[in-house]
Amino acid sequence: MATLVLDNGAYTAKIGYSQKNVSIIPNCQFRSKTSRLKTFTANQLDEIKDPSGLFYILPFQKGYLVNWDVQRKVWDHLFGKEMFKVEFADTSIIITEPYFNFTSIQDSMNEILFEEYQFQSALRINAGSLSAHHYFHLNPSELCCLVVDSGFSFTHIAPYCRSRKMKEGICRINVGGKLLTNHLKEIISYRQLHVMDETHVLNQVKEDVCYVSQQFHKDMEIAQLKGEDNSVMRDYVLPDFSSIKKGFCKPREEMVFTGKYKTGEQILRLTNERFAVPEMLFHPSDIGIQEMGIAEAIVNSIESMPEDMQPHFYQNIVLTGGNTLFPGFRERLEAELRSLVPAHLPMSVLLPPNPICFSWEGGKLLAQNPDYDEMVVTREDYEENGHCICEEKFDI
């Protein structure tokens, strides 16, 4: 019996069999400006000759799975002959869903997994629970951990004790990678070049040049200096999709500080955008989102837990999700937390080597767990009892 682990994120799906490795695949469909009529699904993105003005069709909106037609097409592609060649009748699936998911979405997912695809058995679980499982597997002596998952739509903070999630401590900040990319698009469009249609390219810019500042005001001052004194300034060469397939950052020694470039490349000059965009994760109020930053939300979440557990949570904070890959993210979070946490409590913030696949790896470990068969709902169970058996079995 094979087990397929699918961490079904709003931006990428992390998928693979529990005995094999993981693949990271865009969880959406694309249309390009040039071939308006043809729709590309998931990893067919590479086939698009000219990805400028790429049009995304996403199955998730505001962090919840609402567009089932798109999601079905992506899953058909993933499970089909070109990719994972799933034999549904003897495959079990572990699939993730967001915290506080709506019952209607859960019911639709049960129906699609059991009635359309007819998987042998399924386990629906939060990605954070898989991350916690992975963390406890790596640190068997620990009782508590706090999973900080900063993804595409949201940043979630979820405390776990002995692999069980503490529902009353779960906290959500409505700032994720999508908001950061959109904000970057807006400020670049306002300051130098109209890029509102270039989500794909600007997302790449964000990943290549943004970082989290350790001293925001100091970096702001540096960003205002002229010429070579401005150590923050970077020139980003935009792709033209004929000779330059992928944008890149110009090396410092090749930058022209005064006047124009003689070469014909299209350049974006980035200064304070580099750190002002990720800063929104720590201070959402800077752009008028009236919510706590990550550090305050962590303290808020931990303080809602029983007092004798709190020191354990501070010592086991684990970071997952794509936003944690910004350079300086962990150090800044640790510094901000240190100023908020009582001085006598030790603190540890762990950034795993691959934070994007951390929860997928947790699913892989869970599939090899001897109790795994007790946790799943089989197709027979579902056909006999319907949705209520899923509600009982899955701790969502």
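Residue numbers start at 1 and run along the sequence shown. Source: prediction; values computed, not measured.
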Nearest-0.5 Å distance that lies between atom [atom1] in [X] and atom [atom2] in [Y]:
| X | Y | atom1 | atom2 | answer |
| --- | --- | --- | --- | --- |
| Phe329 | Leu319 | CZ | CG | 5.5 Å |
| Asp208 | Asn203 | CG | CG | 9.5 Å |
| Leu146 | Ile157 | CG | CD1 | 7.0 Å |
| Glu97 | Asn126 | CD | CG | 6.0 Å |

Specify the closest pair of heavy atoms between [X] and [Y], including all atoms of both residues, with the distance to one decimal.
| X | Y | value |
| --- | --- | --- |
| Ile125 | Ser129 | CG1-CB, 3.7 Å |
| Leu180 | Pro278 | CD1-CA, 4.4 Å |
| Leu281 | Pro284 | O-CD, 4.4 Å |
| Gly177 | Asn323 | N-ND2, 3.4 Å |
| Thr320 | Ser131 | CG2-OG, 3.8 Å |
| Pro239 | Val201 | CD-CG1, 3.9 Å |

message = Would Val341 and Arg338 count as a side-chain contact (heavy atoms from CB on, under 4.5 Å) here? Give the steps.
response = CA-CA 5 Å; Val341 174; Arg338 194 62 280 179; 3.8 Å; yes

Can you confirm whether [X] sits close enough to [Y] that some side-chain heavy atom of one is under 4.5 Å from a side-chain heavy atom of the other?
| X | Y | answer |
| --- | --- | --- |
| Gln120 | Glu380 | yes |
| Leu238 | Val195 | no |
| Ile294 | Val148 | yes |
| Leu337 | Val299 | yes |
| Met255 | Arg252 | yes |
| Tyr382 | His387 | yes |
| His283 | Phe216 | no |
| Thr103 | Asp107 | yes |

Are [X] and [Y] connected in the hydrophobic side-chain network, where two residues link if heavy atoms are under 4.5 Å apart?
| X | Y | value |
| --- | --- | --- |
| Met292 | Leu179 | no |
| Ile356 | Leu333 | no |
| Ile93 | Trp68 | yes |
| Leu143 | Phe313 | no |

Heavy-atom count check: over 12 atoms from other residues, nucleotides or ligands less than 6.0 Å from [X] [atom1]?
| X | atom1 | value |
| --- | --- | --- |
| Glu384 | CD | no |
| His137 | NE2 | no |
| Gln266 | CD | no |
| Glu254 | CD | yes |
| Phe248 | CZ | yes |
| Glu253 | CD | yes |
| Glu87 | CD | no |
| Arg191 | CZ | yes |

Consider only side-chain N and O atoms of [X] and [Y], and report whether a donor and an acceptor are under 3.5 Å apart.
| X | Y | answer |
| --- | --- | --- |
| Tyr372 | Ser92 | yes |
| Gln214 | Glu331 | no |
| Gln29 | Thr41 | yes |
| Ser153 | Lys178 | no |
| Asp219 | Tyr211 | yes |
| Asn174 | Glu291 | yes |
| Glu392 | Asn385 | no |
| Asn230 | Gln224 | no |
| His200 | Tyr56 | yes |
| Tyr99 | Asp149 | no |

task = Under the side-chain contact (heavy atoms from CB on, under 4.5 Å) rule, what do Glu273 and Leu184 come out as? Steps first, then yes or no, please.
result = CA-CA 7 Å; Glu273 297 90 352; Leu184 181 65; 4.0 Å; yes

Tell me whether [X] contacts the main-chain N or O of [Y] through its side chain, where contact means a donor paired with an acceptor under 3.5 Å.
| X | Y | answer |
| --- | --- | --- |
| Gln192 | Arg269 | yes |
| Glu374 | Asp371 | no |
| Lys85 | Glu82 | no |
| Asn139 | Tyr135 | yes |

request  = Please report the C-alpha distance between Phe154 and Phe100 in whole Å, then the side-chain angles of each, then the deciding distance to 0.1 Å, and finally whether the ring pair (Phe, Tyr, Trp, His ring centres under 6.0 Å) criterion is met.
outcome  = CA-CA 12 Å; Phe154 302 133; Phe100 314 121; 9.5 Å; no

query = Can the positive tip of Arg332 be found less than 6.0 Å from the middle of the six-membered ring of Phe282, inside 45° of the ring normal?
reply =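 Ring-cation test returns yes.
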
inquiry  = Whether Arg124 engages the ring of Phe394 as a cation-pi pair (distance to the six-membered ring centre under 6.0 angstrom, angle to the ring normal within 45°) should be assessed.
reply    =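 Output no; distance or angle outside limits.
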
inquiry  = side-chain hydrogen bond (donor to acceptor under 3.5 Å, both in side chains) for Gln71 and Asn67? Distances and angles first, verdict last.
reply    = CA-CA 6 Å; Gln71 187 64 82; Asn67 193 337; over 6 Å; no

request  = Check the pair His77, Val74 against side-chain contact (heavy atoms from CB on, under 4.5 Å), reporting the backbone distance first and the verdict last.
outcome  = CA-CA 5 Å; His77 178 74; Val74 175; 5.7 Å; no

Presence of salt bridge, Arg330 and Glu334, under 4.0 angstrom =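 Here Glu334 pairs with Arg330 in a salt bridge, since their nearest N and O are under 4.0 Å apart.
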
ask   = Do the rings of Phe358 and His134 sit parallel, tilted or perpendicular, given the 30° and 60° boundaries?
value =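 Ring orientation of Phe358 relative to His134: parallel.
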
request  = Step by step, work out the side-chain contact (heavy atoms from CB on, under 4.5 Å) result for Ile112 and Tyr117.
outcome  = CA-CA 6 Å; Ile112 287 173; Tyr117 291 119; 3.5 Å; yes

Identified side-chain contact (heavy atoms from CB on, under 4.5 Å) counterpart of Ile317 within the set Leu350, Val147, Ile298 =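 Passing option: Ile298.
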
task = Kindly indicate, with the supporting measurements, whether the criterion salt bridge (Lys or Arg N to Asp or Glu O under 4.0 Å) is fulfilled by Asp69 and Arg72.
result = CA-CA 5 Å; Asp69 296 340; Arg72 258 196 205 90; 3.6 Å; yes

